[in-house]
Amino acid sequence: MLASMSEMLKKAQAGRYAIANFDIWNNEMLFGVMNAVEKTRSPVILAFGSGFTDNTDIYYYAKMLVERARHSPMPIAIHWDHGRNMEIIQNAIRCGFNSIMIDASAQEFEENIRISKEVVDYCKIIGVPVEAELGHIGPETEYEELLSHYKYTDPDMAAEFVERTGIDCLATAIGNAHGVYTSEPQINLDILRQVRDKVEIPLVLHGASGISDADVKKSIEIGISKINIHTELCQAAMSAYAANPDKPYLKLQQDVIAAIEARAIEKLELFGSCGHGEKASDLQIVPTR
């Protein structure tokens, strides 16, 4: 069923587990993730963003995501990840996405607030929850280079940011990064604790592919309610290709789906969401637009 991301995250926050946000952009990813979701009876967020549009036509793929969600017994939100401006956000909503992230984290604090609040004001009228980021994770790069100029989430600024924007969930910058980590991730759990003490809304961890299971579990215990995974799904797919280079593509595609499914199940079990999809009868059902 197509469900409200905001309501899903509130339940996760209260239950001290996290909802997986799988960034996906092709059939193999969609089928593998949904197989995992329905086998583990987990709620999930299916996400897409501008970085995938060279590979996938969003106008058609969004319809696949929405229809797959509508026909599943599990609660599913369709999320636009890292929307940079209002035009992108509005187009995503027209395509059928029922939650969005506005990412103005590269801007100065006041400009981030202005842009994020503008999006919140627009989305609240139509019932679309909004995620925003404070601190700045930045694009994929060498991890050591990223840490040299990393912008961690400031806990005091986080409280003001949440109050002034009215966002539904906050993406944190605590040493996490997008893409493949080129050295051991340095996750600052102390900053996360301070942010959790300052704000009440659900918190989000981006770039979780490659972060240790121990740090992920600690992050959930502290207050992370939404965790983004993309790179590990790609790695699972590539491993399946590499292990079977001589197979016919028709059969190889099935191996890729199975590999993505297995990796997704690992994450759903780690995040503690298994079985919680069956306890979602009180979640808001979102009508299609």
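- Thr40 and Ser42 share a donor-acceptor pair across their side chains, judged by distance under 3.5 Å alone.
- Counting only heavy atoms from C-beta outward, the side chains of Asp23 and Ile229 never approach each other to under 4.5 Å.
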Chi angles and distances behind the side chain to side chain contact (heavy atoms under 4.5 Å, CB included) call for Asn91, Tyr59: CA-CA 10 Å; Asn91 186 59; Tyr59 296 101; 3.4 Å; yes
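- Pairing each heavy atom of Ser99 with each of Ala77, the nearest pair is OG-CB, 4.5 Å.
- By the side-chain hydrogen bond (donor to acceptor under 3.5 Å, both in side chains) test, Asn244 is found to be paired with no residue, residues two or more places apart in sequence or in another chain being considered.
- Of all heavy-atom pairs spanning Val120 and Ile167, the tightest one is CG2-CG2, 3.7 Å.
- Applying the side-chain hydrogen bond (donor to acceptor under 3.5 Å, both in side chains) rule to Lys39 yields the partners Glu261; only residues at least two apart in sequence or on another chain are considered.
- Taking 4.5 Å as the limit, some side-chain heavy atom of Met157 sits within range of a side-chain heavy atom of Leu134.
- By the salt bridge (charged side-chain N to carboxylate O under 4.0 Å, His left out) test, Glu160 is found to be paired with Arg164, residues two or more places apart in sequence or in another chain being considered.
- The closest side-chain heavy-atom distance from Ile257 to Asn35 is below 4.5 Å.
- Within the model, atoms NZ of Lys63 and CD1 of Ile58 stand 9.5 Å from one another, a figure rounded to the nearest 0.5 Å.
- Connection of Leu250 to Val256 is not established within any shared hydrophobic cluster, with ILVMFWY side chains joined at heavy-atom distances below 4.5 Å, either directly or through further cluster members.
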Chi angles and distances behind the side-chain hydrogen bond (donor to acceptor under 3.5 Å, both in side chains) call for Tyr150, Asn176: CA-CA 10 Å; Tyr150 197 87; Asn176 46 315; 3.1 Å; yes
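- Remark: Glu38 engages Arg68 in a salt bridge (charged side-chain N to carboxylate O under 4.0 Å, His left out) (not counting sequence neighbours).
- With sequence neighbours left out, the ring pair (Phe, Tyr, Trp, His ring centres under 6.0 Å) criterion links Tyr143 to Tyr181.
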Thr53/Asn55 under side chain to side chain contact (heavy atoms under 4.5 Å, CB included): CA gap, chis, key distance, verdict: CA-CA 5 Å; Thr53 54; Asn55 295 70; over 6 Å; no
Test salt bridge (Lys or Arg N to Asp or Glu O under 4.0 Å) applied to Asp213 and Lys217, step by step: CA-CA 6 Å; Asp213 289 358; Lys217 288 180 178 179; over 6 Å; no
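- Considering only heavy atoms from C-beta on, Leu205 comes within 4.5 Å of Ile174 through its side chain.
- For Asp255, the side-chain hydrogen bond (donor to acceptor under 3.5 Å, both in side chains) partners two or more places apart in sequence, or in a different chain, are Lys247.
- Taking 4.0 Å as the cut-off between side-chain N and carboxylate O, Arg193 and Asp197 do not count as a salt-bridged pair.
- Using a distance-only test at 3.5 Å, with no hydrogens or angles considered, no donor-acceptor pair links the side chain of Glu110 to the main chain of Glu108.
- Atoms CG and CD1, from Leu270 and Ile211 in turn, are 10.5 Å apart once rounded to the nearest 0.5 Å.
- Partners of Phe48 according to the ring pair (Phe, Tyr, Trp, His ring centres under 6.0 Å) rule, which considers only residues two or more places apart in sequence or in another chain, are Phe52, Tyr61, Trp80.
- Nearest heavy-atom pair across Ile102 and Asn85 is CD1-N, 4.0 Å.
- Legend: residues meeting ring pair (Phe, Tyr, Trp, His ring centres under 6.0 Å) with His82, ordered by chain and number and at least two apart, are His178, His206.
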Identify every side-chain donor-acceptor pair in residues 25-32 under 3.5 Å, counting partners at least two apart or on other chains, and give the distances.
{"residue": "Trp25", "atom": "NE1", "partner": "His230", "partner atom": "NE2", "Å": "3.0"}
{"residue": "Asn26", "atom": "OD1", "partner": "Glu28", "partner atom": "N", "Å": "3.3"}
{"residue": "Asn26", "atom": "OD1", "partner": "Met29", "partner atom": "N", "Å": "2.8"}
{"residue": "Glu28", "atom": "OE2", "partner": "Tyr249", "partner atom": "OH", "Å": "3.1"}
{"residue": "Glu28", "atom": "OE2", "partner": "Gln253", "partner atom": "NE2", "Å": "3.3"}

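- A distance of 10.5 Å separates CD1 of Ile89 from CD of Glu118, quoted to the nearest 0.5 Å.
- Tyr17 and His276 have their aromatic ring centers within a separation under 6.0 angstrom.
- For Glu111, the salt bridge (charged side-chain N to carboxylate O under 4.0 Å, His left out) partners two or more places apart in sequence, or in a different chain, are Arg114.
- Looking at every heavy atom in both residues, Ala69 comes nearest to Ile78 through CB-CD1, 4.0 Å.
- Residues forming a salt bridge (charged side-chain N to carboxylate O under 4.0 Å, His left out) with Glu266 (at least two apart in sequence, or on another chain): Arg263.
- With a 4.5 Å cut-off on side-chain heavy atoms, Ile260 and Phe22 do not count as touching.
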Chi angles and distances behind the side chain to side chain contact (heavy atoms under 4.5 Å, CB included) call for Lys267, Glu232: CA-CA 10 Å; Lys267 295 305 174 183; Glu232 286 197 43; 2.9 Å; yes
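- Inter-residue side-chain proximity for Met1 and Ile76 is flagged as unmet; no heavy-atom pair is nearer than 4.5 Å.
- Interatomic distance, CD1 of Ile24 versus SG of Cys234, reported as 11.0 Å (0.5 Å rounding).
- The backbone N or O of Ala106 sits nowhere less than 3.5 Å from a side-chain atom of Asn112 that would complete a donor-acceptor pair.
- The local environment of CE in Met86 is crowded, with over 12 non-hydrogen atoms from other residues, nucleotides or ligands closer than 6.0 Å.
- Formation of a donor-acceptor pair under 3.5 Å by the Glu133 side chain with backbone atoms of Ile137 is found in this model.
- A side-chain donor-acceptor contact under 3.5 Å links Ser183 and Glu144.
- In this structure, Ser219 and Leu189 approach most closely via the heavy-atom pair OG-CD2, 3.6 Å.
- Under the 3.5 Å distance criterion, the side-chain polar atoms of Ser116 are left unmatched by any main-chain donor or acceptor of Ile113.
- To the nearest 0.5 angstrom, Gln13 atom CD is 10.0 Å from Cys169 atom SG.
- The shortest distance between side-chain heavy atoms of Val204 and Leu170 does not fall below 4.5 Å.
- For the pair Ile19 and Leu9, the minimum side-chain heavy-atom distance is below 4.5 Å.
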CA sep, side-chain torsions, deciding dist, call: Gln194, Thr153, side chain to side chain contact (heavy atoms under 4.5 Å, CB included): CA-CA 10 Å; Gln194 293 173 49; Thr153 302; over 6 Å; no
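- Here the shortest heavy-atom pairing between Met8 and Ile45 reads CE-CG1, 4.2 Å.
- Open room surrounds CD on Glu87; 12 or fewer heavy atoms of other groups in view lie less than 6.0 Å from it.
- Lys198 is linked by a side-chain hydrogen bond (donor to acceptor under 3.5 Å, both in side chains) to Asp156, counting only residues two or more places apart in sequence or in another chain.
- Partner Asp168 forms a side chain to side chain contact (heavy atoms under 4.5 Å, CB included) with one of Lys10, Met5, Lys124, Glu131 and no other, that one being Lys124.
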